[in-house]
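Below is one structure; the comments refer to it alone.
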Protein chains: 2
Amino acid sequence: MTNESIKILLVDDEPDILEFMEYNLKKEGYNVLLAKNGAEAVEIAKREIPQLIILDIMMPEMDGIEACRRIRETKELEHVLIAFLTARNEEYSQLAGFDVGADDYISKPIKPRILTSRIKALLRRTSFNQETPAVQIGNMRIDRDSYLVYKNDEPISFPRKEFELLSLLTSKPGRVFTREDILSRVWGSEIVVGDRTIDVHIRKIREKLGDDVIKTIKGIGYKFDI
Amino acid sequence: MTNESIKILLVDDEPDILEFMEYNLKKEGYNVLLAKNGAEAVEIAKREIPQLIILDIMMPEMDGIEACRRIRETKELEHVLIAFLTARNEEYSQLAGFDVGADDYISKPIKPRILTSRIKALLRRTSFNQETPAVQIGNMRIDRDSYLVYKNDEPISFPRKEFELLSLLTSKPGRVFTREDILSRVWGSEIVVGDRTIDVHIRKIREKLGDDVIKTIKGIGYKFDI
DNA sequence: GCCAATATTAACAAATTATTAAGACGCAGT
DNA sequence: ACTGCGTCTTAATAATTTGTTAATATTGGC
């Protein structure tokens with residue numbers, strides 16, 4: 001079988017990783033395209049319509065999640081396979097990834113054989129119908145598919161960061177997430193924003209859901225609690 | 001500070017790089033160990049069992065790959081996190097590094113913020129998902145995940161220092177902690193506060209939980225006892 | 001009863017978070 | 001490319017909580 005006609009778009013800000021994956025996929029005969037950030041990825045994807053896009057989650061400019069959203073918004077790319085690259089054990093990334101319509105995730109460190117077999121399995125797959133179940137907590141429901149939160153069946157829309165922050169906090173109700181947890185999971189380990197940014201997002205969520213859903217543990221962080 | 005107990009072993013033959021990383025990690029409160037080649041690294045690692053080892057790939061004597069292999073062969077170090085330092089164009093080093101069991105790589109040039117946030121992300125992988133089980137003592141339960149203490153199922157919130165102090169005392173019920181123990185473990189060895197500060201915190205805890213949970217051993221310290 | 005150690009209280013200082021508004025940025029539609 | 005819109009971030013300031021100290025009272029062992 002020949003893979004020549006199968007286009008795979010690789011997206012990562014680390015040239016080393018890009019090169020490494022490119023090498024291994026070309027060896028398998030795939031038609032490999034490269035992008036070094038989310039914006040470029042979206043652009044190339046629209047032009048080339050690849051079968052599969054492998055996206056690093058953590059990237060400057062536009063991260064993988066956002067890029068994925070943009071890609072999914074494009075009609076021609078609605079059913080393109082998208083796999084995320086994540087660091088080992090970063091379950092939240094996986095979660096967020098699936099939220100925006102990822103089909104699979106591949107965890108770093110990447111090993112050649114695993115990479116190729118994973119890709120083959122993905123390409124073999126015909127239907128993609130894994131709906132992320134909506135999460136129900138108290139009188140609110142968080143629907144990861146539509147990026148909507150319902151409070152008493154009333155839909156409230158959240159911008160991306162707010163949604164991801166709320167999503168993180170509600171992933172383990174009652175548990176305190178430190179500012180560091182929040183920063184690295186919502187913003188990524190390499191993107192550095194000030195601490196006040198978190199406060200502001202918390203405030204916006206509180207404005208929409210009420211002051212009492214998110215509790216402040218001074219000196220530690222925040223937690224979602226019903 | 002909580003990072004004090006986290007040992008990080010830095011391995012590089014370039015004294016400048018070593019010093020640079022040491023400076024940045026010490027600033028974060030980590031317990032930093034240094035080695036200038038692979039052989040030394042293996043030796044120190046076996047003795048100190050650090051949580052994380054950052055290895056330069058290119059080194060005289062014994063290179064990073066070989067050192068990594070030796071480290072992984074040691075049972076006690078099997079699950080230690082290992083990150084490689086790579087230069088931009090060492091594209092194959094990744095492959096080799098991951099094959100011998102590396103967890104991540106950090107590419108040069110090293111930027112302080114990226115270094116530290118990367119390290120935090122790495123360390124979180126091992127520590128995040130293991131939930132600290134709540135401790136039950138008598139009619140009270142101490143839940144580190146939610147920063148709450150329950151007395152007869154009734155939640156009582158504690159500010160950080162009080163919580164940490166109570167947490168320390170309850171870590172070994174019945175055992176007496178000297179004022180020195182308390183100071184160094186709750187306040188850290190560098191920050192110096194007066195002895196009365198401890199008394200005040202003890203008092204605040206007693207106000208919330210009742211006078212009898214913490215006993216004073218005059219001239220020695222305090223103990224938690226039901 | 002004496003004395004050093006601890007308790008207690010309230011006032012002060014430091015640290016952390018809340019709030020608000022303004023600017024930056026990207027995107028969509030024109 | 002221009003404009004308008006929504007989102008994200010920051011800066012500045014206010015509000016609040018937490019931590020520390022100092023001063024005074026009390027305790028418990030000798």
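Letters A, B, ... mirror the listed sequences (proteins, then strands); counts begin at 1.
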Are there more than 12 heavy atoms of other residues, nucleotides or ligands under 6.0 Å from atom CD of Gln136(B)?
-> yes
Flag if over 12 foreign heavy atoms under 6.0 Å of CD, Glu180(B) = no
Closest to the Tyr222(A) side chain, choosing from dC8(D), dT6(C), dA18(C) = dA18(C)
Considering only heavy side-chain atoms of Thr216(A), the closest of dT27(D), dT17(C), dG19(D) is dT17(C)
Residues 166-177 of chain B side chain polar contacts: donor-acceptor under 3.5 Å, at least two apart:
residue   : atom : partner   : partner atom : Å
Ser167(B) : OG   : Arg144(B) : NH1          : 2.4
Ser167(B) : OG   : Arg144(B) : NH2          : 3.3
Thr170(B) : OG1  : Leu166(B) : O            : 2.7
Thr170(B) : OG1  : Ser167(B) : O            : 3.1
Ser171(B) : OG   : Leu168(B) : O            : 2.6

What's the [atom1]-[atom2] distance between [X] and [N], to the nearest Å?
X: Leu183(B); N: dT6(C); atom1: CG; atom2: C1'; value: 15 Å
X: Lys223(A); N: dT17(C); atom1: NZ; atom2: P; value: 15 Å
X: Arg160(B); N: dT16(C); atom1: CZ; atom2: C1'; value: 9 Å
X: Lys161(A); N: dG26(C); atom1: NZ; atom2: C1'; value: 14 Å
X: Lys215(B); N: dT27(D); atom1: NZ; atom2: P; value: 18 Å
X: Ile182(B); N: dA5(C); atom1: CD1; atom2: P; value: 16 Å

Asp143(A) and Phe163(A): which non-hydrogen atoms are nearest, and at how many Å?
-> O-CZ, 3.8 Å
Here the pair of heavy atoms bringing Leu10(B) nearest to Met21(B) is CD1-CB, 3.7 Å
Determine: side-chain N/O of Trp187(A) to OP1/OP2 of dT9(D), distance under 4.0 Å, yes or no.
-> yes
Below 4.0 angstrom from OP1 or OP2 of dT6(C), is there any side-chain N or O of Arg179(B)?
-> yes
Salt bridge present between Arg179(A) and Asp199(A) (N-O < 4.0 angstrom) | yes
DNA chain C-proximal residues of residues 195-207 of chain B, any heavy atom under 4.0 Å = Arg196(B), Asp199(B), Val200(B), Arg203(B), Arg206(B)
Could you check whether Lys218(B) gets within reach of a base, just the sugar-phosphate, or nothing at all, counting any heavy atom under 4.0 Å?
-> base
Under 3.5 Å, which donor-acceptor pairs link side chains of residues 149-159 of chain B to any protein atom two or more places apart or in another chain?
residue   : atom : partner   : partner atom : Å
Lys151(B) : NZ   : Leu209(B) : O            : 3.2
Asn152(B) : OD1  : Asn139(B) : ND2          : 3.1

